[in-house]
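Only this structure's heavy atoms are used, side chains among them; waters, hydrogens and symmetry mates stay out. Naming convention: chains lettered A, B, ... in sequence-line order (proteins, then strands); numbering from 1 in each chain.
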Amino acid sequence: MTHTVRTAVMFSFIAALILLAGIMQGWNNALLILNMGLISAIMALGVNLQWGFAGLFNVGVMGFVALGGLASVVVSMPPTAGAWTLNAGPQAIFALAVGIGIIAACIYAWNHMANGMARSIALLVLLIGGFFLYRGLFDPAVARIEAIDPAATGYLGGVNLPILLAWPVGGLLAAGAAWVIGKTALGLRSDYLAIATLGIAEIVIAILKNEDWLSRGVKNVVGLPRPVPYEIDLQNSASFVSRAEGLGIDPVTASTLFVKFSYACLFTAVLALLLVLAELALKSPWGRMMRAIRDNETAAEAMGKNVKKRHLQIFILGSAICGIAGAMMTTLDGQLTPGTYQPLRFTFLIWVMVIVGGSGNNFGAVLGGMLIWFLWVEVEPIGRWLLEVITSPLPADNALRVHLLESAAHMRLLTMGIVLLVVLRFSPRGLLPER
Amino acid sequence: MDLLNALIAFLNFVAVPAMAYGSQLALGALGVTLIYGVLRFSNFAHGDTMAFGTMATILVTWLFQSWGISIQPLPTALLALPFGIAITAALLYATDHGVYRFYRKQKAAPVILMIVSMGIMFILNGVVRFIIGPDEQRFDDGTRFLVSARDFKEWTGLNEGLAIKTSQGITVITAFIVVALLFWFLTYTRTGKSMRAFSDNEDLALLSGINPERVVAITWLIVAGLATIAGVLYGLDKSFRPFTYFQLLLPIFASAIVGGLGNPLGAIAGGFIIAFSEVTITYAWKKVISYMVPETLEPSGLVQLLSTDYKFAVSFAILVIVLLFRPTGLFGGKSV
């Protein structure tokens with residue numbers, strides 16, 4: 001089977017799965033799976049850029065996805081009334097700038113002063129004095145922001161722009177974070193880099209959960225604006241209702257389907273654009289150089305390639321894609337819920353997608369994203385059905401049967417692990433191997 | 001101005017909890033470091049191995065309790081611990097034979113083994129939740145306190161009380177015994193020496209007739225013991241929830257790396273460094289400071305550097321800072 005045929009067969013299989021879900025569980029459900037599948041595919045594309053192209057082991061995907069989510073809040077929510085007039089917002093931002101200035105001063109002192117007592121004292125003074133200065137400016141500002149109607153706002157709000165703008169902004173935010181992280185952590189070797197990125201992602205989530213002035217923390221930001229119409233508006237629109245009735249669909253159902261379908265179109269457009277760019281990058285001299293660096297760093301370096309710079313470059317690009325996907329996901333959810341970001345779901349699952357789909361192959365990553373997301377959603381109902389069939393000889397109140405049926409919800413982690421191991425064992429290069 | 005009260009408050013709220021937490025982290029980090037030293041990959045499944053071992057121990061504990069067996073005033077879990085270790089060792093041996101050995105034979109890159117361990121992590125995570133459920137389980141019985149705050153105040157007449165939970169006492173003592181045994185094993189026994197040789201230079205060790213499969217099997221056995229003990233001690237001290245154990249992976253890795261991957265001494269030091277910094281940076285120092293300064297200078301705020309929710313962030317900030325200046329950890333670990 002040639003590569004193209006194999007790709008076509010695999011993608012038709014996914015399409016068939018989603019159609020099957022539509023027929024058996026309703027089209028609403030199928031569109032839900034499709035939408036999150038498209039977003040997952042974009043995340044997988046970002047990880048594939050880092051791992052498949054360049055061999056960078058980034059276990060901090062969750063952090064970049066969350067930053068994208070933050071971007072949609074900052075871009076699209078209206079500014080909180082009072083937060084800016086009370087001078088609290090500007091003061092908080094000034095305090096942050098002071099904090100960054102202090103860190104920059106420390107880095108400058110570290111690099112430009114001679115090693116010795118003077119440098120240590122200067123650093124200590126800068127760090128300790130700077131910390132108190134920063135907290136002295138920052139804490140009162142934050143207290144004032146969080147005091148503004150905490151039940152409804154209690155945070156700075158955003159700049160009230162269309163939410164579609166948040167997608168590129170999410171990418172930029174993630175890229176900025178990746179630049180800082182890459183500058184500090186990319187010098188590390190494989191395992192150390194992996195754990196460092198894992199840790200940094202945890203730090204990002206801790207900040208989102210605790211800095212209420214920025215993201216409302218675990219109180220969540222709800223009611224983000226939408227790039228697509230609201231169901232209720234559609235139902236009130238005479239032309240939409242008449243068209244739905246013309247197609248023989250109940251207007252309420254039609255409106256929910258229409259909203260989800262609009263999202264699917266937007267997501268498909270973004271995915272297609274990114275996929276084209278990633279393919280062009282992979283087939284360009286730049287892509288060949290990346291793979292050469294991945295396969296033999298020493299040789300590439302000897303040929304005059306700046307390995308560190310290229311690594312930083314691709315780390316930023318891959319992270320930016322994850323940030324875009326994060327902003328899209330928050331847009332789809334309509335809310336930012338920092339408490340729900342978990343590494344199992346937003347880092348390790350994305351890795352399963354890339355490995356199963358085929359690392360180094362962009363289509364493989366997209367395929368893996370859609371397929372694994374489908375499994376992630378459908379394993380639970382399938383597992384419950386399976387367990388029900390297996391335990392059907394037992395009476396309904398049998399303790400083992402009850403326990404098994406209750407545990408069906410945990411089948412998905414188990415299945416993901418088994419899928420990953422089976423693919424790694426029997427098709428180590430994934431379902432669509434790199435060419 | 002009451003330095004003694006300040007000292008007791010410090011011991012009670014900072015030193016004792018950090019000591020217990022540090023011991024648990026050190027045991028966990030020792031397991032990670034041993035796998036890195038001998039099998040040469042970072043085992044992402046370690047947190048879930050701890051959860052599995054603890055779950056096995058809890059199930060045996062419940063069995064014992066239903067038979068009416070107990071070892072008052074100590075928790076019954078200590079009696080169940082050897083059985084838990086045996087079950088976990090069987091599991092790890094099975095995963096090694098069924099999964100890891102294949103890649104070892106192929107001489108797969110360490111990063112592939114790391115991804116494989118991610119698969120094992122998912123499976124163990126699922127298995128534990130499947131068997132015992134995702135909810136919290138308490139399995140500590142026996143006497144709750146070695147020293148209770150009230151008794152301490154009565155004995156000493158101080159304002160501040162010092163409380164030491166039985167679980168904290170057991171943790172520190174057990175950790176000390178386990179670490180001593182491990183170092184004795186690695187330094188003086190033939191098997192321990194061959195393990196170190198294998199870890200230092202695989203080819204040379206193979207040339208001198210060391211059986212690699214035996215070394216690997218013994219490593220997994222020791223790791224099963226360390227992981228189960230660490231998990232049970234943590235569970236006795238706090239409580240058991242599968243998700244918490246998965247989260248523990250992060251500070252455990254931080255400990256192992258701060259000390260230097262593959263370096264057992266570093267893992268222990270790293271465990272205590274991480275534990276003490278987590279506790280000191282997120283503790284509200286107001287009480288301690290109030291005892292130490294005149295009344296007029298008493299701080300108005302809580303004097304807390306970071307909120308407690310930043311616990312994990314602290315361990316990673318330390319990790320990143322250490323790695324920036326010493327890329328293979330404080331004690332110079334390996335890098336594959």
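Scanning both residues, Leu261(B) and Ser42(B), for their nearest heavy atoms gives CD1-OG, 4.3 Å.
A distance-only check finds a donor-acceptor pair linking the side chain of Glu146(A) to the backbone of Trp213(A) [under 3.5 Å]. Without hydrogens or angle criteria, Ser117(B) side chain to Asn43(B) main chain gives no donor-acceptor distance under 3.5 Å.
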Any chance you could lay out the side chain to side chain contact (heavy atoms under 4.5 Å, CB included) test for Ile293(A) and His311(A), step after step, and finish with the verdict?
-> CA-CA 9 Å; Ile293(A) 292 177; His311(A) 273 171; 3.8 Å; yes
Audit row: Arg216(A), Asn220(A), side chain to side chain donor-acceptor pair (under 3.5 Å) steps and yes/no | CA-CA 6 Å; Arg216(A) 282 201 89 205; Asn220(A) 303 343; over 6 Å; no
Phe315(A) and Leu193(A): side chain to side chain contact (heavy atoms under 4.5 Å, CB included), yes or no, with the steps?
-> CA-CA 12 Å; Phe315(A) 187 68; Leu193(A) 173 68; 5.6 Å; no
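Using a 4.5 Å cut-off between heavy atoms, Glu406(A) does not touch chain B at all. Looking at Ile205(A), there are no atoms closer than 4.5 Å to chain B (heavy atoms on both sides), in backbone or side chain. Using a 4.5 Å cut-off between heavy atoms, Leu420(A) contacts chain B through its side chain alone, with no backbone atom that close. Looking at Ile131(B), only its backbone comes within 4.5 Å of chain A, counting heavy atoms on both sides. Proximity to chain A (any heavy atom under 4.5 Å) is restricted, for Leu319(B), to the side chain, taken from C-beta onward. The part of Phe102(B) that comes within reach of chain A is its side chain, from C-beta onward, which places non-hydrogen atoms under 4.5 angstrom from that chain. Looking at Met114(B), only its side chain comes within 4.5 Å of chain A, counting heavy atoms on both sides. Using a 4.5 Å cut-off between heavy atoms, Arg412(A) does not touch chain B at all. For a residue to count as touching a neighbouring chain, one of its non-hydrogen atoms must lie under 4.5 Å from one of that chain's; by this rule Val127(B) touches chain A with backbone and side chain alike. In this structure, chain B has a heavy atom under 4.5 Å from the side chain of Phe57(A), while its backbone stays farther away. Of the atoms belonging to Val204(A), not a single heavy atom falls under 4.5 Å from chain B. Residue contact with chain B, scored on non-hydrogen atoms closer than 4.5 Å, involves the backbone and the side chain of Leu424(A) alike. Heavy-atom distances place no part of Ala409(A) under 4.5 Å from chain B, backbone and side chain included.
Ranking Leu349(A), Ile207(A), Val419(A) against chain B, the residue ahead of the rest is Ile207(A), based on heavy-atom pairs under 4.5 Å. The candidate with the highest count of non-hydrogen atom pairs below 4.5 Å against chain A, out of Val128(B), Ile123(B), Ile112(B), Asn125(B), is Ile123(B). Among Val352(A), Leu344(A), Leu404(A), the residue making the largest number of heavy-atom pairs under 4.5 Å with chain B is Leu344(A). Taking Ile200(A), Asn210(A), Ile203(A), Thr184(A) one by one and counting their heavy-atom pairs under 4.5 Å with chain B, the maximum is reached by Asn210(A).
Using bins of under 30°, 30° to 60° and over 60° for the plane-to-plane angle, the ring pair Tyr245(B)/Tyr234(B) lands in the perpendicular bin. Ring geometry for Phe346(A) against Tyr341(A) counts as tilted: the plane angle lies between 30° and 60°, on a 0 to 90° scale. Phe246(B) and Phe243(B) have tilted rings, their planes meeting at an angle from 30° to 60° on a 0 to 90° scale.
Salt bridge status for Arg104(B) with Glu202(B): absent, with no side-chain N to carboxylate O gap under 4.0 Å.
Asn58(A) is not listed as a side-chain neighbour of Trp51(A), based on a closest heavy-atom distance of 4.5 Å or more.
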